[in-house]
Amino acid sequence: MIASSNPIERSFEIAALRCEDLTPLVYRRLHSEHPETISMFRTEGSELVKGSMLALTIEAILDFAGDRNGHFRMIECEVTSHDAYGTPRELFVAFFSMIAATLRDLLGADWSPAIDQAWQELLVEIDLLVTQSEA
């Protein structure tokens, strides 16, 4: 495997070597830090929804942090969709932070200053994107 020079991609590559499925880790963190999200998911069948949601989010993150070929536009689309569900925008943005924090825990000492800086910048950009879509 050739390691990516993009720190965001690299963080996902390292995590993939250590964890088969990020879904339970990300949602455990989300539900722990934002207990109000527990009731936002059905009890039956929600694992598939959560996995799909996370996969689409990761795809959008990788595109947003990379070439921006269009998949990142899903972020703007999903903001509107989640508005319709009554999801607060702050919570929508927090989901991205939950992913970053989960990766940071998985990477441990491999969470480099370059990866940290790239994630901090990405999270600010996503917050701006979501905020601007309000206007």
Self-check item: Distance (rounded to the nearest 0.5 Å) between Leu17 CG and Glu13 CD
Solution: 8.0 Å
Practice problem: Could you pull out the closest heavy-atom pair between Ile75 and Phe92, with the gap in Å? | Solution: O-CZ, 3.7 Å
Exercise. Check whether any side-chain N or O of Arg68 sits under 3.5 Å from a backbone N or O of Phe64 as a donor-acceptor pair, and report yes or no.
Key: yes
Quiz item: Hey, is the main chain of Met98 close enough, under 3.5 Å, to the side chain of Thr102 for a donor-acceptor pair?
Solution: yes
Quiz item: CG of Leu25 to CG of Asp105: how many Å apart, nearest 0.5 Å?
Solution: 9.0 Å
Quiz item: Got a donor-acceptor contact below 3.5 angstrom from the Thr131 side chain to the Asp127 backbone?
Solution: yes
Self-check item: Point-to-point distance, once rounded to the nearest 0.5 Å, from NE2 of His31 to CD of Glu36
Solution: 10.5 Å
Practice problem: Over all heavy atoms of both residues, which pair between Gly108 and Arg18 is shortest? Give the atoms and the distance, please. | Solution: N-NH1, 4.4 Å
Practice problem: May I ask you to decide if Trp111's main-chain N or O and Arg104's side chain share a donor-acceptor pair within less than 3.5 Å? | Solution: no
Exercise. Would you name the heavy atoms of Glu9 and Leu62 that are closest together and state the gap between them?
Key: CG-CD2, 3.7 Å
Quiz item: Any donor-acceptor pair under 3.5 Å linking the side chain of Ser52 with the backbone of Val49?
Solution: no
Self-check item: Distance under 6.0 Å and angle within 45° of ring axis: Arg29 vs Tyr27
Solution: no
Practice problem: Please report the closest heavy-atom contact between Ala15 and Leu106, naming both atoms and the distance. | Solution: CB-CD1, 4.0 Å
Quiz item: Taking Thr57 for the side chain and Met53 for the main chain, is one N or O donor matched with an acceptor at less than 3.5 Å?
Solution: yes
Exercise. Determine yes or no for a side-chain-to-main-chain donor-acceptor pair under 3.5 angstrom, with Ser112 supplying the side chain and Ile115 the backbone.
Key: yes
